[in-house]
Amino acid sequence: NAGVTQTPKFRVLKTGQSMTLLCAQDMNHEYMYWYRQDPGMGLRLIHYSVGEGTTAKGEVPDGYNVSRLKKQNFLLGLESAAPSQTSVYFCASRPIGTSGTSTDTQYFGPGTRLTVL
Amino acid sequence: AQKITQTQPGMFVQEKEAVTLDCTYDTSDPSYGLFWYKQPSSGEMIFLIYQGSYDQQNATEGRYSLNFQKARKSANLVISASQLGDSAMYFCAMRERSGYSTLTFGKGTMLLVSP
């Protein structure tokens, strides 16, 4: 049981390049999330998905696209990378039906450190 | 207005002492959850403790306890008997019922534990 994994762990891009970050979870969770973490800013939600085939915008969606073709995978795409997208990206997942219980938490991946030059 | 406010950018504590990390929140949703996460220098996000808005008692998990004062909208994390391994960034977060369980995070508090 690997939990939440993210690929790649590190990446350096040039401005204007594109890339896709992959998040995979093996816990059969319905909900998946993408966050970015910048110094002094905490984590901010980019996009999320409440099930296979669904996506929704979070707090900072501009410049990103996502897809959830399979329940276990949540992809984050940057079509034309900008230096402002230099950040650490975290994926998380959560099972449905745990709201209000002590297990009501998101499970985070290890993060992807992206630098855009 | 910020939904989660952590007013302490950094805190220092000596080993074996207790420390309180502050968190205040803002919501009009009667049903919400409050979380604390730890982020060590290695970068991973580690879930510590959860408090539901309807919970009558303060949450506890080992050396971690949450001082939940609903009327004051505060959810402070108390770490008892600090250890060197507690040195890390700590984030407070909130889930509102209306948000599909999305979390809103504070900016974090860096805790340094000295011998």
Side-chain angles (χ1 to χ4, degrees), chain A residues 2-6 9-10 23 29-51 54-61 66 68 74 87-114, chain B residues 2-10 21 23 25 29-62 64 66 89-110:
Chain A
V4 180
T5 58
Q6 293 183 232
K9 289 185 169 53
F10 304 93
C23 175
H29 288 173
E30 289 291 335
Y31 297 168
M32 296 187 75
Y33 312 85
W34 275 108
Y35 295 90
R36 61 177 287 174
Q37 183 179 23
D38 302 299
M41 292 296 295
L43 276 72
R44 292 182 292 169
L45 183 66
I46 305 172
H47 285 280
Y48 64 99
S49 168
V50 299
T54 74
T55 63
K57 293 180 180 180
E59 180 186 355
V60 289
V66 288
R68 183 105 180 262
F74 195 28
S87 189
V88 179
Y89 292 85
F90 285 97
C91 177
S93 70
R94 178 183 170 274
I96 199 169
T98 57
S99 290
T101 72
S102 60
T103 57
D104 181 1
T105 185
Q106 295 182 10
Y107 297 81
F108 283 83
T112 293
R113 186 174 294 275
L114 175 66
Chain B
Q2 285 189 0
K3 289 197 171 186
I4 296 287
T5 303
Q6 295 181 253
T7 58
Q8 305 154 315
L21 306 184
C23 173
Y25 59 92
D29 194 334
S31 176
Y32 54 90
L34 296 158
F35 304 78
W36 278 91
Y37 288 87
K38 172 184 178 181
Q39 187 178 43
S41 58
S42 52
E44 71 266 33
M45 295 290 289
I46 302 168
F47 166 69
L48 295 178
I49 196 166
Y50 161 84
Q51 178 84 43
S53 59
Y54 294 120
D55 293 343
Q56 295 296 312
Q57 293 188 328
N58 288 342
T60 60
E61 288 288 346
Y64 304 107
L66 202 152
M89 196 74 168
Y90 288 81
F91 292 97
C92 179
M94 176 173 65
R95 170 195 54 73
E96 294 170 291
R97 178 179 57 186
S98 56
Y100 280 110
S101 295
T102 60
L103 293 177
T104 302
F105 284 81
K107 295 184 178 182
T109 295
M110 174 64 76

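Chain A is the first sequence line, chain B the second, and so forth, proteins listed ahead of strands; every chain is numbered from 1.
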Who among B:Met89, B:Gln39, B:Glu44, B:Gln51 has the most heavy-atom pairs with chain A under 4.5 Å? B:Gln39

Among all residues two or more places apart in sequence or in another chain, which pass the side chain to side chain donor-acceptor pair (under 3.5 Å) test with B:Asn58? none

By a 4.5 Å heavy-atom criterion (distance strictly below it), what part of A:Leu45 contacts chain B: side chain, backbone, both, or neither? side chain

Which atoms of B:Tyr32 approach chain A - backbone, side chain, both or neither, heavy atom under 4.5 Å: neither

Kindly compute the distance separating CD1 (A:Ile46) from OH (A:Tyr89), expressed to the nearest 0.5 Å. 5.5 Å

Would you say the side-chain atoms of A:Gln37 pair up with the backbone N or O of A:Phe90, donor to acceptor, closer than 3.5 Å? no

Could you list the residues that satisfy side-chain contact (heavy atoms from CB on, under 4.5 Å) with A:Pro39, not counting sequence neighbours? none

Side chain, backbone, both or neither: which part of A:Glu59 has a heavy atom under 4.5 Å from chain B? neither

